[in-house]
Amino acid sequence: MQQKIRFQIEGMTCQACASRIEKVLNKKDFVESAGVNFASEEAQVVFDDSQTSAADIAKIIEKTGYGAKEKTEDTLPQPEAEHHIGWRLWLLFAINIPFLIGMAGMMIGRHDWMIPPVWQFVLASIVQLWLAIPFYKSAWASIKGGLANMDVLVTIGTVSIYLYSVYMLFFSPHAAHSMAHVYFEVGVMVIGFVSLGKFLEHRTKKSSLNSLGLLLKLTPTQVNVQREGEWRQLPIDQVQIGDLIRANHGERIAADGIIESGSGWADESHLTGESNPEEKKAGGKVLAGALMTEGSVVYRATQLGSQTLLGDMMNALSEAQGSKAPIARVADKAAAVFVPAVVGIALLTFIATWLIKDDWTLALMHAVAVLVIACPCALGLATPAAIMVGMGKAVKHGIWFKDAAAMEEAAHVDAVVLDKTGTLTEGRPQVAAVYCVPDSGFDEDALYRIAAAVEQNAAHPLARAIVSAAQARGLEIPTAKDAQTVVGAGITAEVEGVGLVKAGKAEFAELALPKFSDGVWDIASIVAVSVDNKPIGAFALADALKADTAEAIGRLKKHNIDVYIMSGDNQGTVEYVAKQLGIAHAFGNMSPRDKAVEVQKLKAAGKTVAMVGDGINDAPALAAANVSFAMKGGADVAEHTASATLMQHSVNQLADALSVSRATLKNIKQNLFFAFFYNILGIPLAALGFLNPVIAGAAMAASSVSVLGNALRLKRVKID
């Protein structure tokens, strides 16, 4: 049986590391697929659990030279530790200072600013023989695994410079006059710049790219819990299901639960994307992470930790951010051959420069510059960094993508298929029009009172709509007795002070409706009413459009996206709704199979199709679409089938999802362009001697930080 598992990977330094782990895992017969995300430092593996176990897979990863810790959904992700500059980096900074001063002096002709060669050797030896050991370990593990990573390039370059300088200082026949040919500062400063770049990269990946840290802060660490009749302040991990918890104004809800007492307003935008607080009162639900903006409530915990909606979202986000988008294959293929190709280019640079310039010292400097400038980190971060930020932005707007592939596909959507009921409309009928028979002796209020008296004995949605409308008018509903339901026709009852009342189909109430100019009567459900077999009026009930549906359709059209309605409702009703929204393509009387077939036809015509629905009958079409969206709280099969979940029952969230996806894909392309352009430009400049190794090291560190900075711009992108 296939099983999917996630591992947190430790020790990766560039995309080549991720590619190596993937290569090793995908060679195993029992592994169906394996993907490693360099930015999130996570591996996702699908394997046959009858042939191996998660522990065995972890051992395979560890044999390639990296740490692997299994991630499960039983517990919430843990908060990241603060990323402070460690003693190793501080020591590197301190050792770099005299070399920086010396290099600055040489730039203005003051060679005496550089410390004596012997002291250069001492400081460089501390760096090269001690502080650079992590680079050597990573490089050796990478070579043993059959692929070369960034640390291989750094190691070859800095060790070459160090050994050359040692030889020139102590063993050269002209050692006494070799000051100009000692380059200890190059190795020291390259190790320093690369280490700084790694630190900044790691801190950005953990602290800024990933939205999980912000979500973790939504759960309080201490809560007020009632135990043995007393309120006690307890750590969140001591709370149990069934406990009574109190949340006051300004505090966050610690668990999903049911309100026992109190009232107030809670901000649940972290889950729904809806900025307006919701009113909370006894009997209502509260969700973990919600902020009590007003009032105070006591609620009973029903779900804790990863079982809450917040926990579910955090695990979903963690898994989605760790997945890989198809466009990442571009960087993966390049990274797989990049480092060996760079070593080859560096060797050719050394030989060519030596032959042309007849100066093997200059040749060595050019070759090292090529090795250092050609870091594939920016290339490896280009896609996953943008995906992580994009996923976080989507979650902030109440959109849960299942994986990166779904987000990338959503960016290409040019056709949207919408179900009608519950997607475009409220999903519950409302009174749209009322007709009173002339000279019947009953006005509109009387018609409401009499109909509601009978219909309050029925459970049909149309009956509930009429009763609710009467109550909203503040009408007093009379008593009805001896209610009897006539299957497929309506309901009858004796209404006090009125007589025998029938409510149901027009023919059941013996009502012949006139021709109305209002088109709603042609598409609405009709409930007619009679008293003592004399018709007195009728109600037209229709499913009202959601308040923001028209705005959402306008947003989709703005981006040249074709919109289709496909519904099981009758064609007239579907066309009426489509006309209200300005939708040209309306299909009614459609079975679940019909919807799926039409989606397949659109795909065959070259469309990238997004399907939105919330019912069991939408599942086949959701599965057939390129990318699909289900409404949270709809049918389980629809949510399971869909590529993403919309927390609000709103097409506006679909427009948000497509907008975030387009912005994310655009950002990925920008990152890839920068990463490729950086190397295409940097390698020739280094080979021709326009970049020395120190500048190359600084540029290499800056390239990764620049890609991460561009990815972070997604947080500020406006959704249109």
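Excluded from the calculations below are hydrogen atoms, water molecules and symmetry mates; all remaining heavy atoms, backbone and side chain alike, are included.
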Do Glu455 and Ile450 come within less than 4.5 Å of each other through their side chains, counting heavy atoms only?
-> no
Can you list the steps and then say if Ser591 with Asp594 is a side chain to side chain donor-acceptor pair (under 3.5 Å)?
-> CA-CA 5 Å; Ser591 68; Asp594 292 335; 3.0 Å; yes
Hey, are Thr293 and Asp267 close enough side-chain-wise for a donor-acceptor pair under 3.5 Å?
-> no
Would you mind checking if Arg593 and Glu598 are paired as a salt bridge, meaning a charged N to carboxylate O distance below 4.0 Å?
-> no
Are Val286 and Ile258 side-chain neighbours, meaning at least one heavy-atom pair lies under 4.5 Å?
-> no
Between the side chain of Gln670 and the main-chain N/O of Ala382, is any donor-acceptor distance below 3.5 Å?
-> no
Would you say Asp548's side chain and Glu551's backbone share a donor-acceptor pair under 3.5 angstrom?
-> no
From CA spacing to verdict: side-chain contact (heavy atoms from CB on, under 4.5 Å), Arg713, Asn667 = CA-CA 9 Å; Arg713 288 195 312 111; Asn667 192 277; 4.3 Å; yes
Hey, does Leu424 have a side-chain heavy atom less than 4.5 Å from the side chain of Ile553?
-> yes
Determine the minimum heavy-atom distance between Ala290 and Ala266, stating which atoms define it.
-> CB-CB, 4.3 Å
Please test Asn652 against Asp656 for side chain to side chain donor-acceptor pair (under 3.5 Å), starting from the C-alpha separation and ending with a verdict.
-> CA-CA 6 Å; Asn652 244 331; Asp656 290 345; over 6 Å; no
Checking side-chain contact (heavy atoms from CB on, under 4.5 Å) for the pair Asn671/Thr383: CA distance, chi angles, key distance, verdict?
-> CA-CA 7 Å; Asn671 285 345; Thr383 299; over 6 Å; no
Answer whether the closest heavy-atom distance between the side chains of Leu581 and Leu545 falls below 4.5 Å.
-> yes
Result for side chain to side chain donor-acceptor pair (under 3.5 Å) between Glu32 and one of Gln3, Lys4, Gln2 points to Gln2
For Lys280 and Glu294, run salt bridge (Lys or Arg N to Asp or Glu O under 4.0 Å): C-alpha distance rounded to whole Å, both residues' side-chain angles, the deciding distance at 0.1 Å, then the answer.
-> CA-CA 10 Å; Lys280 300 296 179 181; Glu294 289 184 34; over 6 Å; no
Which value, rounded to the nearest 0.5 Å, describes the distance between Ser661 atom OG and Glu409 atom CD?
-> 10.0 Å
NZ (Lys603) with more than 12 external heavy atoms under 6.0 Å | yes
Flag side-chain contact, heavy atom, 4.5 Å: Leu447 against Asp443 = no
Do Val413 and Val609 have side chains that get closer than 4.5 Å, going by heavy atoms?
-> no
Can you tell which of Val660, Leu658, Leu665 makes a side-chain contact (heavy atoms from CB on, under 4.5 Å) with Arg662?
-> Leu658
Backbone N/O of Lys715 and side chain of Lys393: donor-acceptor pair under 3.5 Å | yes
Output the distance between atom NZ (Lys285) and atom CD (Glu268), rounded to the nearest 0.5 Å.
-> 11.0 Å
When every non-hydrogen atom of Gln653 is compared with those of Met647, the smallest separation belongs to OE1-N, 3.1 Å
Could you tell me which non-hydrogen atom of Ile491 sits nearest to which non-hydrogen atom of Ala483, and how far apart they are?
-> CD1-CB, 4.4 Å
How about Ile253 and Tyr299: do any of their side-chain heavy atoms sit closer than 4.5 Å?
-> yes
CE of Met391 to CZ of Phe401, rounded to nearest 0.5 Å, is 7.0 Å
May I have the step-by-step check of side chain to side chain donor-acceptor pair (under 3.5 Å) for Asp256 and Thr308, ending in yes or no?
-> CA-CA 6 Å; Asp256 289 357; Thr308 64; 4.7 Å; no
SB check Asp562 Lys557 (cutoff 4.0 Å) = no
From Lys420 NZ over to Ile565 CD1, what is the distance, rounded to the nearest 0.5 angstrom?
-> 8.5 Å
Identify the heavy atoms of Ala410 and Val627 that sit nearest to each other, and give their distance.
-> CA-CG1, 4.1 Å
Using a strict cut-off of less than 4.0 Å between a Lys/Arg side-chain nitrogen and an Asp/Glu carboxylate oxygen, indicate whether Lys481 and Glu494 qualify as a salt bridge.
-> no
Shortest non-hydrogen contact from Pro478 to Ala453?
-> O-CB, 3.4 Å
With a 4.0 Å cut-off, would you call Arg473 and Glu444 a salt bridge?
-> yes
Would you check, one step at a time, whether the test side-chain contact (heavy atoms from CB on, under 4.5 Å) holds for Val612 with Asp419?
-> CA-CA 6 Å; Val612 185; Asp419 179 42; over 6 Å; no
Would you sort out whether Tyr448 and Phe539 count as a ring-ring contact (aromatic ring centres under 6.0 Å, His included), showing the intermediate values?
-> CA-CA 9 Å; Tyr448 267 108; Phe539 299 91; 5.0 Å; yes
How long is the gap from NZ on Lys546 to CD on Gln648, to the nearest 0.5 Å?
-> 9.5 Å
CA sep, side-chain torsions, deciding dist, call: Leu646, Ile399, side-chain contact (heavy atoms from CB on, under 4.5 Å) = CA-CA 5 Å; Leu646 305 179; Ile399 304 152; 4.1 Å; yes
Value for CE (Met611) from CG (Leu602), rounded to nearest 0.5 Å, stands at 11.0 Å
Are side-chain heavy atoms of Val454 and Thr492 found at a separation under 4.5 Å?
-> no
Ring geometry between Tyr435 and Trp521 (parallel below 30°, tilted from 30 to 60°, perpendicular above 60°) | perpendicular
Is a donor on one side and an acceptor on the other found under 3.5 Å between the side chain of Ser628 and the backbone of Ala625?
-> no
Ala404 versus Ile387, closest heavy-atom pair with distance = CB-CG2, 3.8 Å
